[in-house]
K.L.:
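Quick one: structure below, then a few questions.
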Amino acid sequence: ENMAVQFGPEKAGFISAYPFLVKREPAGVLWVASAEAQSAAMTQAVQSIANEIALGVRRIQSEKELRQKGRELQEINAGLRELADLKDRVIAMTSHQFRTPLSVILSSTELLERYGADWPDSKKLHHLARIRRSIDHLQHLLEDVFVLGQMESGQLKLHPESLELGDLVVDLTDSFVENNHRLRIKCDTPSLVCELDPNVFRQIVFNLVSNALKFSPANEPVEIEIVADDVQIRLCVRDYGLGIPPEERTQLGSPFYRGSNVTDVAGTGLGFAIVQRCVGLLGGAIELQSQPEQGTRITLRLPRHEHATRG
């Protein structure tokens, strides 16, 4: 449509508007100014130009969308590759880790069936204890794999409760104390009440203490210290064992990673990975100090009142 306009005291002319669409939506307007009213041929030519502009805009948008889709597909493929790699490592680790406890259970069961009637109670109890320890090991292994899988898929949900922290730590470490007297627990505020998910906190304490006992000599203590103020909780676990080589510390959070100096110690390489993810889920932080052959000190700082994003 031609619209007459006055450009100045002595200049007059016409402005024509040519709207164009992209994917059936208004995308812009091509304005054309001329001294005379535009003819039908001129109008058709300019409209063709507007249509070409619309096609160009559509191509640019399509290219951007394709690039975005390509990036999204790359991210999805990378995630799928990581999941496939994790699955392979889980299968390899569990098949290896299951073999020893299952062999113990099988051998002790067969011995009890064959000779149990003639054995004294002490010998039968010895084999029953072997079976129980193997079952506990399998249970903890399956729980670690399950928890890690929930974390990696973002399905682990927090359910915070009001807890007395000192009593909770003592309860969680009772199973270690029964079989090992090396634990030294210091809690300056045993009646401290905080808000934490007990299951997530249990994973933290169990894996830290288990690793500390596992990688330190039988005659060396493992120290647990709990300090808190109005804002945060500080939990320290200290051992005097193998320590961690400095060049390997950045890899500790990788599932199934095991240090080069612990090849003779049974383990899955999941413990610290689970601790790291649990602490992150609770909105906390980890500080690690370690020297080879001198031991390791791991300090956790957790908010006293749960405020982390709940999955």
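This structure is a prediction, so every number in the text was calculated from the model and none was measured.
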K.L.:
Taking C-beta and beyond as the side chain, do Leu138 and Leu102 meet within less than 4.5 Å on heavy atoms?
P.N.:
yes
K.L.:
Assess whether atom CZ of Arg114 is packed by more than 12 heavy atoms of other residues, nucleotides or ligands within 6.0 Å.
P.N.:
no
K.L.:
If you count heavy atoms of other groups shown closer than 6.0 angstrom to CZ of Arg132, is the number above 12?
P.N.:
no
K.L.:
Could you tell me whether a side-chain N or O of Gln203 sits under 3.5 Å from a main-chain N or O of Val147, the two making a donor and an acceptor?
P.N.:
no
K.L.:
Taking Leu288 as the starting point, is it possible to reach Val275 by hopping between hydrophobic residues whose side chains are less than 4.5 Å apart?
P.N.:
yes
K.L.:
Pick from Leu163, Leu235, Val279: which one makes a side chain to side chain contact (heavy atoms under 4.5 Å, CB included) with Phe201?
P.N.:
Leu235
K.L.:
Count I, L, V, M, F, W, Y as connected when their side-chain heavy atoms are under 4.5 Å apart, and connections chain through other members. Are Leu106 and Leu111 then in the same cluster?
P.N.:
no
K.L.:
Given 3.5 Å as the limit, does a donor-acceptor pair link the side chain of Ser107 with the main chain of Val104, or not?
P.N.:
yes
K.L.:
Calculate, to the nearest 0.5 Å, the distance between atoms CD and CZ belonging to Glu225 and Arg297 respectively.
P.N.:
6.0 Å
K.L.:
Run the salt bridge (Lys or Arg N to Asp or Glu O under 4.0 Å) test on Lys124 and Asp121 for me, step by step, so that the C-alpha distance in whole Å, both residues' side-chain angles and the decisive distance to 0.1 Å come before the verdict.
P.N.:
CA-CA 5 Å; Lys124 287 187 283 188; Asp121 289 345; 3.5 Å; yes
K.L.:
So does Ser290 get a backbone contact from the side chain of Arg249, meaning a donor-acceptor N/O pair under 3.5 Å?
P.N.:
yes
K.L.:
Using modelled atom types only, decide if a donor and an acceptor are shared between the side chain of Arg277 and the backbone of Ala273 within a distance under 3.5 Å.
P.N.:
yes
K.L.:
Once the angle between the rings of His140 and Phe206 is folded into 0 to 90°, is it parallel (under 30°), tilted (30 to 60°) or perpendicular (over 60°)?
P.N.:
tilted
K.L.:
Check whether any side-chain heavy atom of Leu300 lies under 4.5 Å from a side-chain heavy atom of Leu282, and answer yes or no.
P.N.:
no
K.L.:
Give me the atom names and distance for the closest heavy-atom approach of Thr296 to Gly243.
P.N.:
OG1-CA, 3.6 Å
K.L.:
Flag yes if Tyr240 and Ile224 sit in one hydrophobic cluster, no otherwise; membership is Ile, Leu, Val, Met, Phe, Trp, Tyr, and two members link when side-chain heavy atoms are under 4.5 Å apart.
P.N.:
no
K.L.:
Roughly how far, to the nearest 0.5 Å, is SG of Cys278 from CD1 of Ile204?
P.N.:
5.0 Å
K.L.:
Any chance the side chains of Gln68 and Glu72 put a donor and an acceptor closer than 3.5 Å?
P.N.:
yes
K.L.:
List the atom of Gly283, the atom of Pro303, and the distance in Å for their closest heavy-atom pair.
P.N.:
O-CD, 3.6 Å
K.L.:
When rounded to the nearest 0.5 angstrom, what distance separates CG in Asn211 from CG in Leu252?
P.N.:
9.5 Å
K.L.:
Are the side chain of Arg304 and the backbone N or O of Asp229 linked by a donor-acceptor pair below 3.5 Å?
P.N.:
yes
K.L.:
If you measure from OH on Tyr115 to NZ on Lys123, what distance do you get to the nearest 0.5 Å?
P.N.:
9.5 Å
K.L.:
Please assess His159 against Asn199 for the test side chain to side chain contact (heavy atoms under 4.5 Å, CB included), listing each intermediate value before the final yes or no.
P.N.:
CA-CA 8 Å; His159 301 285; Asn199 293 321; over 6 Å; no
K.L.:
So how far is it from Cys236 SG to Arg301 CZ, rounded to the nearest 0.5 Å?
P.N.:
7.0 Å
K.L.:
Would a single hydrophobic cluster contain both Ile135 and Leu141, if residues Ile, Leu, Val, Met, Phe, Trp and Tyr are joined by side-chain heavy-atom contacts under 4.5 Å?
P.N.:
yes
K.L.:
Indicate yes or no for a side-chain donor-acceptor contact from Asp239 to the backbone of Val222 under 3.5 Å, with no hydrogens or angles considered.
P.N.:
no
K.L.:
Quick check for you: to the nearest 0.5 Å, what is the distance between Arg133 atom CZ and Leu128 atom CG?
P.N.:
11.0 Å
K.L.:
Mind checking whether Leu270 and Leu142 sit in one hydrophobic cluster, side chains of I, L, V, M, F, W, Y counted as touching below 4.5 Å?
P.N.:
yes
